[in-house]
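Notes to accompany the following structure.
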Amino acid sequence: MENRVIIGGQWGDEGKGKIIDAFGEGFDWVLRYQGGANAGHTIQVGAKEHVLHLIPSGIFREGVRCFLGNGMVIDPWALRDEIVALEEKGVSVRDRLYVSSAASLLMPYHKRLDELREQLRKRKSIGTTGRGIGPAYQDKLQRSGLRLGALTMPLEKLERTAIEHILEANEILAGQFEAEPLPAKVLAEELVVLAQTLRPMIVDGFTALRGIRERRESALFEGAQGTLLDIDHGTFPYVTSSNCTVGGAVTGTGLPPRSLGEIVGVFKAYCTRVGNGPFPTELLAEEGEHLRKLGGEFGATTGRPRRCGWFDLVAGRYTVGVNGLSGAVITKLDVLDTLPTIKVAEAYDLDGERLDDFPVRPDMLPRVRPVLKEIPGWEKPTNKAKKLADLPSPARKYLEYLEKELGVLIVGVSVGKARDEMILTPTGVTT
Ligand code: IMP
(Lines give C-alpha, C1' and ligand atoms only; values in the text may rest on other atoms or scores of the structure.)
Protein backbone atom coordinates (compact mmCIF):
# COMPACT_ATOMS: atom_id res chain seq x y z
CA MET A 1 0.00 0.00 0.00
CA GLU A 2 1.42 3.37 -1.00
CA ASN A 3 1.85 5.98 1.73
CA ARG A 4 -0.08 9.19 1.41
CA VAL A 5 0.30 12.79 2.54
CA ILE A 6 -2.79 14.92 2.99
CA ILE A 7 -2.12 18.64 2.70
CA GLY A 8 -4.36 21.68 3.12
CA GLY A 9 -4.62 23.37 -0.28
CA GLN A 10 -5.81 26.77 0.90
CA TRP A 11 -5.72 28.63 4.23
CA GLY A 12 -6.64 25.65 6.39
CA ASP A 13 -10.12 24.42 7.30
CA GLU A 14 -10.53 22.64 3.97
CA GLY A 15 -12.15 19.65 5.67
CA LYS A 16 -8.96 17.62 5.98
CA GLY A 17 -10.20 15.81 9.09
CA LYS A 18 -12.95 14.10 7.17
CA ILE A 19 -10.68 13.29 4.22
CA ILE A 20 -7.98 11.84 6.45
CA ASP A 21 -10.63 9.77 8.15
CA ALA A 22 -12.14 8.66 4.82
CA PHE A 23 -8.73 7.87 3.28
CA GLY A 24 -7.33 6.45 6.51
CA GLU A 25 -8.57 2.92 6.09
CA GLY A 26 -5.90 0.27 5.85
CA PHE A 27 -2.97 2.42 7.00
CA ASP A 28 -0.91 1.18 9.93
CA TRP A 29 -0.02 4.70 11.03
CA VAL A 30 -1.43 8.22 10.89
CA LEU A 31 1.26 10.83 11.57
CA ARG A 32 1.01 14.50 12.46
CA TYR A 33 4.15 16.44 11.66
CA GLN A 34 3.65 20.16 12.25
CA GLY A 35 1.56 22.67 14.17
CA GLY A 36 -0.10 22.03 17.46
CA ALA A 37 -3.47 22.60 19.07
CA ASN A 38 -4.13 25.44 16.61
CA ALA A 39 -5.54 22.77 14.30
CA GLY A 40 -9.16 21.74 14.59
CA HIS A 41 -10.03 18.64 12.62
CA THR A 42 -13.74 17.88 12.66
CA ILE A 43 -14.85 14.34 11.98
CA GLN A 44 -18.32 12.92 11.90
CA VAL A 45 -18.44 9.31 13.06
CA GLY A 46 -21.99 7.93 13.02
CA ALA A 47 -24.26 10.62 14.42
CA LYS A 48 -21.50 12.22 16.48
CA GLU A 49 -19.19 15.06 15.55
CA HIS A 50 -15.69 15.09 17.07
CA VAL A 51 -13.14 17.89 16.99
CA LEU A 52 -9.47 16.98 17.39
CA HIS A 53 -6.68 19.48 17.91
CA LEU A 54 -3.54 17.43 18.53
CA ILE A 55 -4.34 13.77 18.09
CA PRO A 56 -4.47 12.56 14.47
CA SER A 57 -7.91 11.86 13.02
CA GLY A 58 -6.76 8.27 12.47
CA ILE A 59 -7.53 7.58 16.13
CA PHE A 60 -11.13 6.81 15.13
CA ARG A 61 -10.00 3.85 13.02
CA GLU A 62 -9.51 0.84 15.23
CA GLY A 63 -6.01 -0.53 15.44
CA VAL A 64 -4.39 2.44 13.67
CA ARG A 65 -1.31 3.76 15.46
CA CYS A 66 -1.04 7.54 15.74
CA PHE A 67 2.15 9.55 15.97
CA LEU A 68 2.86 13.15 16.96
CA GLY A 69 6.08 14.11 15.21
CA ASN A 70 9.12 16.11 16.20
CA GLY A 71 7.89 19.01 14.02
CA MET A 72 4.96 19.65 16.34
CA VAL A 73 4.60 21.97 19.32
CA ILE A 74 2.63 20.09 21.97
CA ASP A 75 0.74 21.55 24.90
CA PRO A 76 0.72 18.69 27.44
CA TRP A 77 -2.32 20.10 29.23
CA ALA A 78 -4.28 20.12 25.95
CA LEU A 79 -2.98 16.65 25.03
CA ARG A 80 -4.06 15.14 28.36
CA ASP A 81 -7.53 16.72 28.01
CA GLU A 82 -7.90 15.37 24.49
CA ILE A 83 -6.88 11.86 25.54
CA VAL A 84 -9.33 11.89 28.43
CA ALA A 85 -12.18 13.26 26.27
CA LEU A 86 -11.62 10.53 23.66
CA GLU A 87 -11.45 7.82 26.29
CA GLU A 88 -14.72 9.05 27.77
CA LYS A 89 -16.24 8.45 24.33
CA GLY A 90 -14.92 4.90 24.38
CA VAL A 91 -11.98 5.46 21.99
CA SER A 92 -8.80 3.71 23.13
CA VAL A 93 -5.85 6.08 22.92
CA ARG A 94 -2.97 5.29 25.27
CA ASP A 95 -2.01 2.00 23.63
CA ARG A 96 -2.03 3.55 20.13
CA LEU A 97 -0.59 7.03 20.59
CA TYR A 98 3.16 7.64 20.20
CA VAL A 99 4.67 11.07 20.83
CA SER A 100 8.14 11.98 19.59
CA SER A 101 10.49 12.93 22.40
CA ALA A 102 11.89 15.59 20.05
CA ALA A 103 8.56 17.43 19.68
CA SER A 104 8.60 20.85 21.33
CA LEU A 105 6.90 21.36 24.64
CA LEU A 106 4.41 24.21 24.52
CA MET A 107 4.08 25.81 27.94
CA PRO A 108 1.40 28.14 29.40
CA TYR A 109 3.75 31.11 28.99
CA HIS A 110 3.79 30.56 25.23
CA LYS A 111 0.04 31.06 25.18
CA ARG A 112 0.30 34.18 27.31
CA LEU A 113 3.06 35.59 25.07
CA ASP A 114 1.00 34.80 21.95
CA GLU A 115 -1.88 36.81 23.37
CA LEU A 116 0.28 39.75 24.48
CA ARG A 117 2.22 39.94 21.20
CA GLU A 118 -1.02 39.99 19.27
CA GLN A 119 -2.26 42.88 21.41
CA LEU A 120 0.97 44.72 20.75
CA ARG A 121 0.61 44.29 16.98
CA LYS A 122 -2.73 46.11 17.16
CA ARG A 123 -4.00 46.77 13.61
CA LYS A 124 -1.31 44.50 12.19
CA SER A 125 -2.28 41.53 14.36
CA ILE A 126 -2.09 38.13 12.65
CA GLY A 127 -5.29 36.89 14.23
CA THR A 128 -3.62 33.84 15.75
CA THR A 129 -5.57 31.08 17.43
CA GLY A 130 -4.01 32.10 20.76
CA ARG A 131 -2.66 28.59 21.30
CA GLY A 132 0.94 29.75 21.81
CA ILE A 133 2.19 28.39 18.49
CA GLY A 134 4.49 31.24 17.38
CA PRO A 135 6.25 31.69 20.75
CA ALA A 136 6.77 27.91 21.11
CA TYR A 137 8.40 27.67 17.67
CA GLN A 138 10.43 30.75 18.51
CA ASP A 139 11.88 28.97 21.55
CA LYS A 140 12.62 25.93 19.41
CA LEU A 141 14.50 27.92 16.78
CA GLN A 142 16.25 29.88 19.49
CA ARG A 143 17.32 26.51 20.88
CA SER A 144 16.10 27.37 24.34
CA GLY A 145 12.76 25.55 24.51
CA LEU A 146 11.99 22.25 26.21
CA ARG A 147 11.12 19.09 24.32
CA LEU A 148 8.63 16.39 25.16
CA GLY A 149 11.56 14.21 26.16
CA ALA A 150 11.94 16.47 29.22
CA LEU A 151 8.85 14.77 30.65
CA THR A 152 10.84 11.56 31.02
CA MET A 153 13.45 13.18 33.32
CA PRO A 154 13.51 12.28 37.02
CA LEU A 155 10.49 14.14 38.37
CA GLU A 156 12.41 16.41 40.74
CA LYS A 157 14.70 17.49 37.94
CA LEU A 158 11.71 18.11 35.69
CA GLU A 159 10.11 20.30 38.34
CA ARG A 160 13.32 22.34 38.79
CA THR A 161 13.80 22.71 35.02
CA ALA A 162 10.19 23.77 34.50
CA ILE A 163 10.45 26.35 37.28
CA GLU A 164 13.61 27.79 35.68
CA HIS A 165 11.89 28.14 32.32
CA ILE A 166 8.75 29.66 33.79
CA LEU A 167 10.77 32.16 35.82
CA GLU A 168 12.68 33.18 32.69
CA ALA A 169 9.39 33.65 30.85
CA ASN A 170 8.08 35.67 33.78
CA GLU A 171 10.97 38.08 33.31
CA ILE A 172 9.95 38.59 29.69
CA LEU A 173 6.30 38.97 30.70
CA ALA A 174 7.20 41.63 33.27
CA GLY A 175 10.00 43.34 31.33
CA GLN A 176 8.42 43.53 27.89
CA PHE A 177 4.73 43.59 28.68
CA GLU A 178 4.42 44.65 32.33
CA ALA A 179 2.29 41.53 32.68
CA GLU A 180 1.62 39.48 35.80
CA PRO A 181 3.97 36.54 36.40
CA LEU A 182 2.69 32.99 36.02
CA PRO A 183 2.67 30.79 39.15
CA ALA A 184 5.89 28.87 38.52
CA LYS A 185 5.65 26.32 41.33
CA VAL A 186 1.98 25.49 40.69
CA LEU A 187 2.52 25.02 36.94
CA ALA A 188 5.69 22.98 37.44
CA GLU A 189 3.83 20.68 39.85
CA GLU A 190 1.03 20.27 37.33
CA LEU A 191 3.61 19.41 34.69
CA VAL A 192 5.06 16.72 36.94
CA VAL A 193 1.61 15.13 37.22
CA LEU A 194 1.09 15.38 33.44
CA ALA A 195 4.51 13.84 32.85
CA GLN A 196 3.46 10.69 34.69
CA THR A 197 0.39 10.36 32.46
CA LEU A 198 2.16 11.10 29.18
CA ARG A 199 5.50 9.31 29.72
CA PRO A 200 4.42 5.90 28.51
CA MET A 201 3.54 7.46 25.15
CA ILE A 202 6.82 9.34 24.62
CA VAL A 203 9.11 7.54 22.22
CA ASP A 204 12.19 7.91 20.12
CA GLY A 205 10.74 8.74 16.69
CA PHE A 206 13.48 7.09 14.67
CA THR A 207 12.92 3.78 16.43
CA ALA A 208 9.13 3.97 16.55
CA LEU A 209 8.83 4.59 12.81
CA ARG A 210 11.35 1.96 11.74
CA GLY A 211 8.61 -0.20 10.22
CA ILE A 212 7.62 2.64 7.89
CA ARG A 213 11.21 3.22 6.76
CA GLU A 214 11.63 -0.46 6.08
CA ARG A 215 8.29 -0.47 4.19
CA ARG A 216 6.72 -3.15 6.33
CA GLU A 217 4.18 -0.62 7.63
CA SER A 218 2.16 2.05 5.83
CA ALA A 219 1.63 5.67 6.81
CA LEU A 220 -0.81 8.46 6.20
CA PHE A 221 0.72 11.88 6.91
CA GLU A 222 -1.88 14.26 8.32
CA GLY A 223 -1.16 17.88 7.45
CA ALA A 224 -2.59 20.68 9.55
CA GLN A 225 -3.42 24.25 8.48
CA GLY A 226 -2.83 24.88 4.77
CA THR A 227 -0.25 25.71 2.11
CA LEU A 228 -1.01 29.44 2.15
CA LEU A 229 -0.37 29.53 5.92
CA ASP A 230 3.09 27.94 5.54
CA ILE A 231 5.81 29.93 7.30
CA ASP A 232 8.04 29.96 4.20
CA HIS A 233 5.64 29.61 1.27
CA GLY A 234 2.46 31.20 2.60
CA THR A 235 1.19 34.76 2.75
CA PHE A 236 3.86 35.91 5.19
CA PRO A 237 3.60 37.45 7.77
CA TYR A 238 -0.05 36.36 7.97
CA VAL A 239 0.86 32.71 8.37
CA THR A 240 1.37 30.13 11.06
CA SER A 241 4.87 29.23 12.31
CA SER A 242 5.35 25.80 10.74
CA ASN A 243 5.82 24.23 7.32
CA CYS A 244 2.35 23.12 6.28
CA THR A 245 3.65 22.28 2.80
CA VAL A 246 4.93 18.84 1.92
CA GLY A 247 8.49 19.35 3.18
CA GLY A 248 7.12 19.54 6.71
CA ALA A 249 6.14 15.87 6.46
CA VAL A 250 9.81 14.96 6.07
CA THR A 251 11.41 17.29 8.61
CA GLY A 252 8.54 16.89 11.06
CA THR A 253 8.74 13.08 11.27
CA GLY A 254 12.31 12.24 10.34
CA LEU A 255 11.09 9.93 7.59
CA PRO A 256 12.89 10.19 4.24
CA PRO A 257 11.26 11.97 1.24
CA ARG A 258 10.96 8.66 -0.59
CA SER A 259 8.53 7.42 2.05
CA LEU A 260 5.89 10.04 1.25
CA GLY A 261 4.06 8.30 -1.62
CA GLU A 262 1.01 10.12 -2.98
CA ILE A 263 0.59 13.78 -2.12
CA VAL A 264 -3.04 14.80 -1.99
CA GLY A 265 -4.18 18.40 -1.58
CA VAL A 266 -7.56 19.18 -0.06
CA PHE A 267 -9.47 22.19 -1.40
CA LYS A 268 -12.87 23.49 -0.48
CA ALA A 269 -15.16 24.08 -3.46
CA TYR A 270 -14.83 27.76 -2.48
CA CYS A 271 -12.34 29.48 -0.14
CA THR A 272 -12.21 30.50 3.52
CA ARG A 273 -9.68 32.11 5.78
CA VAL A 274 -9.63 32.82 9.52
CA GLY A 275 -7.39 35.46 10.93
CA ASN A 276 -6.00 38.42 9.04
CA GLY A 277 -4.08 38.81 5.81
CA PRO A 278 -4.79 39.10 2.09
CA PHE A 279 -7.62 37.08 0.56
CA PRO A 280 -8.11 38.08 -3.11
CA THR A 281 -11.46 36.35 -3.71
CA GLU A 282 -13.04 37.36 -0.41
CA LEU A 283 -16.75 38.18 -0.47
CA LEU A 284 -17.71 40.97 1.85
CA ALA A 285 -21.04 42.03 3.40
CA GLU A 286 -24.13 39.96 2.55
CA GLU A 287 -22.55 37.76 -0.09
CA GLY A 288 -19.86 36.63 2.33
CA GLU A 289 -22.38 36.22 5.11
CA HIS A 290 -24.57 34.06 2.86
CA LEU A 291 -21.71 31.68 2.01
CA ARG A 292 -20.65 31.58 5.70
CA LYS A 293 -24.18 30.51 6.69
CA LEU A 294 -24.44 27.92 3.92
CA GLY A 295 -21.10 26.39 4.84
CA GLY A 296 -21.39 26.77 8.63
CA GLU A 297 -18.05 28.54 8.45
CA PHE A 298 -17.03 29.05 12.05
CA GLY A 299 -13.60 27.99 13.33
CA ALA A 300 -13.36 24.54 14.95
CA THR A 301 -10.67 25.77 17.37
CA THR A 302 -11.72 29.31 18.22
CA GLY A 303 -15.33 29.53 16.99
CA ARG A 304 -14.39 32.66 15.01
CA PRO A 305 -16.43 33.38 11.87
CA ARG A 306 -14.39 32.46 8.81
CA ARG A 307 -13.96 34.90 5.95
CA CYS A 308 -15.49 33.40 2.80
CA GLY A 309 -14.87 33.81 -0.92
CA TRP A 310 -14.76 32.10 -4.31
CA PHE A 311 -12.36 29.35 -5.38
CA ASP A 312 -9.00 30.85 -6.30
CA LEU A 313 -7.27 29.05 -9.16
CA VAL A 314 -4.17 31.25 -9.01
CA ALA A 315 -3.54 30.22 -5.40
CA GLY A 316 -4.66 26.66 -6.22
CA ARG A 317 -2.11 26.23 -9.00
CA TYR A 318 0.55 27.55 -6.65
CA THR A 319 -0.43 24.89 -4.09
CA VAL A 320 -0.27 22.16 -6.73
CA GLY A 321 3.21 23.30 -7.73
CA VAL A 322 4.75 23.95 -4.32
CA ASN A 323 3.66 20.56 -3.00
CA GLY A 324 3.98 18.58 -6.23
CA LEU A 325 0.45 17.29 -5.67
CA SER A 326 -0.41 13.97 -7.24
CA GLY A 327 -4.12 14.44 -6.58
CA ALA A 328 -6.71 16.84 -5.20
CA VAL A 329 -9.87 16.35 -3.20
CA ILE A 330 -12.68 18.89 -3.40
CA THR A 331 -14.75 19.24 -0.23
CA LYS A 332 -18.08 20.86 0.65
CA LEU A 333 -19.38 20.83 -2.92
CA ASP A 334 -22.89 20.56 -1.44
CA VAL A 335 -22.50 24.01 0.16
CA LEU A 336 -22.84 25.52 -3.34
CA ASP A 337 -26.03 23.54 -4.12
CA THR A 338 -28.44 26.47 -3.88
CA LEU A 339 -26.41 29.12 -5.71
CA PRO A 340 -27.61 30.16 -9.18
CA THR A 341 -24.08 31.10 -10.25
CA ILE A 342 -20.62 30.34 -8.94
CA LYS A 343 -17.51 32.39 -9.54
CA VAL A 344 -13.88 31.36 -9.75
CA ALA A 345 -10.74 33.51 -9.90
CA GLU A 346 -8.87 32.54 -13.06
CA ALA A 347 -6.15 35.18 -12.70
CA TYR A 348 -5.41 38.37 -10.77
CA ASP A 349 -5.30 41.93 -11.96
CA LEU A 350 -2.55 44.10 -10.52
CA ASP A 351 -2.76 47.73 -11.62
CA GLY A 352 -4.21 46.71 -14.99
CA GLU A 353 -1.76 43.87 -15.57
CA ARG A 354 -2.89 40.24 -15.63
CA LEU A 355 -1.11 37.88 -13.22
CA ASP A 356 -1.46 34.15 -13.74
CA ASP A 357 1.10 33.22 -11.09
CA PHE A 358 0.57 33.66 -7.37
CA PRO A 359 2.66 36.61 -6.17
CA VAL A 360 4.58 35.62 -3.09
CA ARG A 361 5.77 39.16 -2.38
CA PRO A 362 3.76 40.39 0.61
CA ASP A 363 3.24 43.87 -0.85
CA MET A 364 1.59 42.60 -4.05
CA LEU A 365 -1.10 40.20 -2.88
CA PRO A 366 -3.16 42.75 -0.90
CA ARG A 367 -3.38 44.89 -4.05
CA VAL A 368 -4.55 42.32 -6.57
CA ARG A 369 -8.14 42.03 -7.77
CA PRO A 370 -9.50 38.67 -8.90
CA VAL A 371 -10.38 38.15 -12.56
CA LEU A 372 -13.57 36.18 -12.06
CA LYS A 373 -15.23 33.68 -14.36
CA GLU A 374 -18.93 32.97 -13.87
CA ILE A 375 -20.11 29.40 -13.94
CA PRO A 376 -23.74 28.24 -13.85
CA GLY A 377 -24.83 26.66 -10.59
CA TRP A 378 -26.86 23.45 -10.39
CA GLU A 379 -29.52 24.37 -7.80
CA LYS A 380 -30.07 20.73 -6.84
CA PRO A 381 -28.92 18.70 -3.83
CA THR A 382 -25.71 16.74 -4.30
CA ASN A 383 -25.31 15.02 -0.95
CA LYS A 384 -26.90 11.75 -2.01
CA ALA A 385 -24.54 11.30 -4.95
CA LYS A 386 -22.47 8.12 -4.67
CA LYS A 387 -20.75 8.40 -8.04
CA LEU A 388 -19.93 11.18 -10.46
CA ALA A 389 -22.84 10.30 -12.73
CA ASP A 390 -25.25 11.04 -9.85
CA LEU A 391 -24.18 14.69 -9.78
CA PRO A 392 -26.11 17.32 -11.74
CA SER A 393 -24.35 18.11 -15.01
CA PRO A 394 -23.30 21.71 -14.04
CA ALA A 395 -21.68 20.33 -10.86
CA ARG A 396 -19.71 17.83 -12.93
CA LYS A 397 -18.72 20.65 -15.31
CA TYR A 398 -17.52 22.73 -12.37
CA LEU A 399 -15.33 19.88 -11.16
CA GLU A 400 -13.99 19.21 -14.66
CA TYR A 401 -13.12 22.88 -14.99
CA LEU A 402 -11.27 22.88 -11.65
CA GLU A 403 -9.40 19.70 -12.60
CA LYS A 404 -8.30 21.16 -15.94
CA GLU A 405 -7.29 24.54 -14.56
CA LEU A 406 -5.51 23.17 -11.49
CA GLY A 407 -3.66 20.67 -13.63
CA VAL A 408 -4.09 17.79 -11.20
CA LEU A 409 -6.48 14.85 -11.00
CA ILE A 410 -9.40 15.29 -8.64
CA VAL A 411 -9.41 11.97 -6.79
CA GLY A 412 -12.33 12.58 -4.47
CA VAL A 413 -15.30 14.88 -3.92
CA SER A 414 -16.96 15.35 -0.56
CA VAL A 415 -20.66 16.20 -0.64
CA GLY A 416 -21.57 16.25 3.05
CA LYS A 417 -20.27 15.80 6.57
CA ALA A 418 -20.87 12.09 6.97
CA ARG A 419 -18.17 9.53 6.25
CA ASP A 420 -20.12 8.06 3.34
CA GLU A 421 -21.03 11.38 1.71
CA MET A 422 -18.00 11.05 -0.48
CA ILE A 423 -17.40 10.23 -4.13
CA LEU A 424 -14.10 8.55 -4.87
CA THR A 425 -12.77 9.37 -8.34
CA PRO A 426 -9.34 7.73 -8.53
CA THR A 427 -9.04 8.35 -12.27
CA GLY A 428 -10.22 11.96 -12.10
CA VAL A 429 -13.52 13.70 -12.83
CA THR A 430 -13.12 14.38 -16.54
CA THR A 431 -15.01 11.86 -18.64
P1 IMP B 1 -1.36 30.50 14.85
O2 IMP B 1 -1.09 29.25 14.10
O3 IMP B 1 -2.29 30.32 16.01
O4 IMP B 1 -0.12 31.25 15.21
O5 IMP B 1 -2.16 31.49 13.86
C6 IMP B 1 -1.58 32.05 12.69
C7 IMP B 1 -2.59 32.14 11.56
O8 IMP B 1 -2.92 30.84 11.13
C9 IMP B 1 -3.91 32.80 11.95
O10 IMP B 1 -4.43 33.49 10.82
C11 IMP B 1 -4.81 31.62 12.27
O12 IMP B 1 -6.17 31.93 12.11
C13 IMP B 1 -4.34 30.64 11.22
N14 IMP B 1 -4.55 29.23 11.61
C15 IMP B 1 -3.83 28.51 12.49
N16 IMP B 1 -4.29 27.25 12.58
C17 IMP B 1 -5.30 27.18 11.70
C18 IMP B 1 -6.17 26.11 11.30
O19 IMP B 1 -6.07 24.96 11.74
N20 IMP B 1 -7.09 26.42 10.36
C21 IMP B 1 -7.19 27.65 9.82
N22 IMP B 1 -6.41 28.67 10.15
C23 IMP B 1 -5.47 28.43 11.09
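Every number for a ligand or one of its atoms is a count from 1 in the order of the listing. What you see is a predicted model; the values in this text were computed from it and never measured.
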Legend entry - Under the side chain to side chain donor-acceptor pair (under 3.5 Å) test, residues paired with S414 that sit two or more places apart: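 Expected list: K18.
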Inset, instruction - Report the residues that fulfil side chain to side chain donor-acceptor pair (under 3.5 Å) with S259, sequence neighbours left out, ordered by chain and then residue number. - result: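 For S259 there are no side chain to side chain donor-acceptor pair (under 3.5 Å) partners, ignoring immediate neighbours.
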Inset, instruction - Hey, could you give me the OG/CD distance between S218 and E2, rounded to the nearest 0.5 Å? - result: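 With rounding to 0.5 Å, OG (S218) is 11.0 Å from CD (E2).
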N/O pairs closer than 3.5 Å, ligand 1 and protein:
| residue | atom | partner | partner atom | Å |
| --- | --- | --- | --- | --- |
| ligand 1 | 2 (O) | N38 | ND2 | 2.9 |
| ligand 1 | 2 (O) | T240 | OG1 | 2.6 |
| ligand 1 | 3 (O) | T129 | N | 2.8 |
| ligand 1 | 3 (O) | T129 | OG1 | 2.6 |
| ligand 1 | 10 (O) | V274 | O | 3.2 |
| ligand 1 | 12 (O) | G127 | O | 3.3 |
| ligand 1 | 12 (O) | V274 | O | 3.2 |
| ligand 1 | 12 (O) | R304 | NH2 | 2.9 |
| ligand 1 | 16 (N) | Q225 | NE2 | 3.2 |
| ligand 1 | 19 (O) | N38 | O | 3.3 |
| ligand 1 | 19 (O) | Q225 | NE2 | 3.4 |
| ligand 1 | 20 (N) | D13 | OD1 | 3.0 |

Inset, instruction - Compute both the distance and the angle, then confirm whether R213 meets the cation-pi test with F206: under 6.0 Å from the six-membered ring centre, within 45 degrees of the axis. - result: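 So R213 does make the cation-pi contact.
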Inset, instruction - Check each of E297, E14, E282 against R306 using the salt bridge (Lys or Arg N to Asp or Glu O under 4.0 Å) test, and report the only one that passes. - result: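 Going through the options one by one, the only one that passes is E297.
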In a table with atom names and distances, give each donor-acceptor pair under 3.5 Å that connects a side chain of residues 58-65 to protein atoms at least two apart or in another chain.
| residue | atom | partner | partner atom | Å |
| --- | --- | --- | --- | --- |
| R61 | NE | D21 | O | 3.0 |
| R61 | NH2 | D21 | O | 2.8 |
| R65 | NH2 | E217 | OE2 | 3.4 |

